[in-house]
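Here is the structure we will look at.
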Amino acid sequence: MTNPDVIHLLPDSVANQIAAGEVIQRPASVVKELVENSVDAGATEIKIVIKDAGRTLIQVIDNGCGMSVTDARMAFERHATSKISQAADLFTLHTMGFRGEALPSIAAVSEIEMRSMRRGDTAGTKLMISASRVTSQEPEICSAGTNIMVKRIFFNLPARRKFLKKDPVELGHIVREFERLALVNTNVEFTLAHNDVIIHKLPAGTLKQRICALFGKGLDHQIIPVTTETSLVRIDGFISLPMHARRRGALQYFFVNGRYMRHPYFHKAVLSSFENLIPVDSQPSYFINFNVDPETIDVNIHPQKYEIKFENEQPVWQILQAAIKESLGRFNASAAIDFDVVDAPDIPAFSPADLPMPDSAEDSRYDPFKAERIAQRQATSPSTYSKPSVPTDWEKLYQNFNERQGETIRQSRLNVTPDLDFPDEPAAPPVLMDTQEERLGMLQLKGRYIVTPSKSGLMLIDQHRAHIRVLFDRYMEIAQHGQVPSQRLIFPETVSLDATQSIVATSIAELLSTMGFEIKALGEGEWQVDAVPSMIGNVSVATALLNIIDSVSQADDDVQQSQWQRIILSLARSAAIKYGTPLTDKEMDQLVADLLRLPQPDYTPDGKAVIQLLELDSINRLFA
């Protein structure tokens, strides 16, 4: 008896769920696909309504061309599309959605209610679908265009729904996807609302107007245009001035033929153009459009079509770099220090009253012009000149010089670097006994590591991570005893947040209050901070708050921590000593002692190594 056939075709419902795994990763993916379809339908007004970060509802309403009764039904069949009819069309695309998988994939993992009517028709159609199954289709009077509601995403895939992140995180992804779509379609009026609160209402306008509407009016004077046109590519957009480069949260967007893309190679071209103009730990913002012949790019190499393959990648790289450098030169951009950025030192305004003045009470005989008068007197009448009786304590001065020289030598021993020049005849190395090891103590290496002898060799400690570990445990102990004490600011500080950051701040406002912060929204992305946790000392308020928001927003990593643990870890990072900070012997002793008293000193709370031990056997092998 022969074995039965084992290969068979999958049912459409299963095939659609498999496709949905690639195309629909989270609610933001649904927003992207539906808005792109609305743009392709010629819509000039698009409204996006979100409930519960997309879990309950994602609704997209447009005034586009609408669909006939047949088209409305066919749109949810796999590989059904109005964009292409043959394989060659894939390389001449000017539209967004084209593969015919988005709508059936969305329908496979949600409940859909759609109303659509073409302009000029007297009636439209209403279509109801649940998990790929059409439950009803009937005529309905509705506005011209399409109104599609996606409800209960992943309701039939509990495992997928369970892995959705918390609402602030998912909403943050939706807002970022919305920003990309709004930047590339500046001729479309957009509205984004979440739980009946309007997040963005953007009128049609220019790219610069759209940038400022999305990210704040302050960008108006921080960005400059970049434009060039060649036979290969036309490039236009905006880049930030070097003085407005950001240490965090740089706004970086590439678009090609009206489509958002990620391109690490072109990103390097931008960074190389800013070389020696911005600090190494900063990044420029940019909003750059590429217009190329569709036949020279391939947009079908990524499920979400974010990655684009260019046929002429190297020449475009050179053209982009030249265009940016030309723009920077045209606007006289040069290296500068931005004193308005977060973490910048507070430099007081100059006042002549701040200059130290000689205190006559200390020495009534002080006269800065005395030596000059004596010299003049000696030149005019040398015979009558006598040595002035100005007391000078040379022995005390010499003693102070010796003390300072000894201090300099001591500091140089504590800051040993590989660049030291050794004498031709080095002295015999001392015998390292236990008592001498104790006497050697610790040294700081390159402002980053603390090196200290141990019983089995040398212990290397990362000073920044060590302080994070110490502060985290200290803050945790304070937080576990209840309300963290606050310190009210004499002058409340204002912090500017973008839409995504404001969403996160709103979601964790109550938790921040428990942690000792007092913040309130002022509108248009401005937040006022009235109090901070007393335990964080002199940390920049803006830095602390932005670090907390970034930490909560980046909840996709593998480290499973509660929000309040993330907040405490962020506070510890903000308050910890930075790399390059010189430490005294006493400070190093205190830090190491505090670290080694902890139950888990070897790693930071997020799993990064704090201590490395270089054993004596390993050291001996280096000299074998």
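Each residue takes its place number in the sequence, starting with 1. Bear in mind the structure is a predicted one, so any value in this text is a computation, not a measurement.
A distance of 8.0 Å separates CD1 in I106 from CD1 in I153, rounded to the nearest 0.5 Å. Interatomic distance, NE2 of H244 versus CD1 of I224, reported as 10.0 Å (0.5 Å rounding). Rounding to the nearest 0.5 Å places CD1 of I198 at 6.5 Å from NZ of K47. With rounding to the nearest 0.5 Å, the separation of CD in Q600 from CG in D473 is 7.5 Å.
Below 30°, between 30° and 60°, or above 60°: for F178 and F190 the angle between ring planes is above 60°, a perpendicular geometry. Relative orientation of the F290 and F310 rings is perpendicular, given thresholds of 30° and 60° on the angle between their planes. Under the 30°/60° scheme for interplanar angles, the aromatic rings of H263 and F266 are found to lie parallel.
The minimum heavy-atom distance linking A72 with M114 is given by the pair CB-CE, 3.7 Å.
Of the possible donor and acceptor atoms, none in the side chain of Q222 sits under 3.5 Å from a partner among the backbone N and O of L241. The backbone N or O of M128 sits less than 3.5 Å from a side-chain atom of T135, completing a donor-acceptor pair. In terms of modelled atom types and a separation under 3.5 Å, the side chain of R469 and the main chain of Y603 share a donor-acceptor contact. The main-chain N or O of T146 is found under 3.5 Å from a side-chain atom of D62 such that the two form a donor-acceptor pair. Under a 3.5 Å cut-off, the side chain of S116 and the backbone N or O of G145 do form a donor-acceptor pair. Judged by distance alone, with hydrogens and angles left aside, the side-chain atoms of R573 form no donor-acceptor pair with the main-chain N or O of R465 at under 3.5 Å.
In this structure D167 satisfies the side chain to side chain contact (heavy atoms under 4.5 Å, CB included) test together with D52, A53, R55, sequence neighbours excluded. Applying the ring-ring contact (aromatic ring centres under 6.0 Å, His included) test to H464 and every residue at least two apart in sequence or in another chain returns Y579. Evaluation of the salt bridge (Lys or Arg N to Asp or Glu O under 4.0 Å) rule for R474 yields D594 as partners, not counting sequence neighbours.
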Applying side chain to side chain contact (heavy atoms under 4.5 Å, CB included), run through M67 and M74 and close with a yes or a no. CA-CA 10 Å; M67 289 181 281; M74 285 292 295; over 6 Å; no
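Ring-centre distance between F238 and F287: not below the 6.0 Å cut-off.
Using modelled atom types, one finds a donor on one side chain and an acceptor on the other under 3.5 Å when comparing T44 with N63. Residues S496 and E526 have side chains that bring a donor and an acceptor to within less than 3.5 angstrom of each other.
A heavy-atom distance below 4.5 Å is found between the side chains of C65 and R119. For the pair M149 and K51, the minimum side-chain heavy-atom distance is 4.5 Å or more. I508 is listed as a side-chain neighbour of I548, based on a closest heavy-atom distance under 4.5 Å. Using a 4.5 Å heavy-atom threshold, the side chains of M515 and I568 count as touching.
Using a 4.0 Å cut-off between a side-chain N of Lys or Arg and a carboxylate O of Asp or Glu, E177 and K32 do not qualify as a salt bridge.
For E138, the CD atom counts as densely surrounded, since its 6.0 Å shell holds more than 12 non-hydrogen atoms of other residues, nucleotides or ligands.
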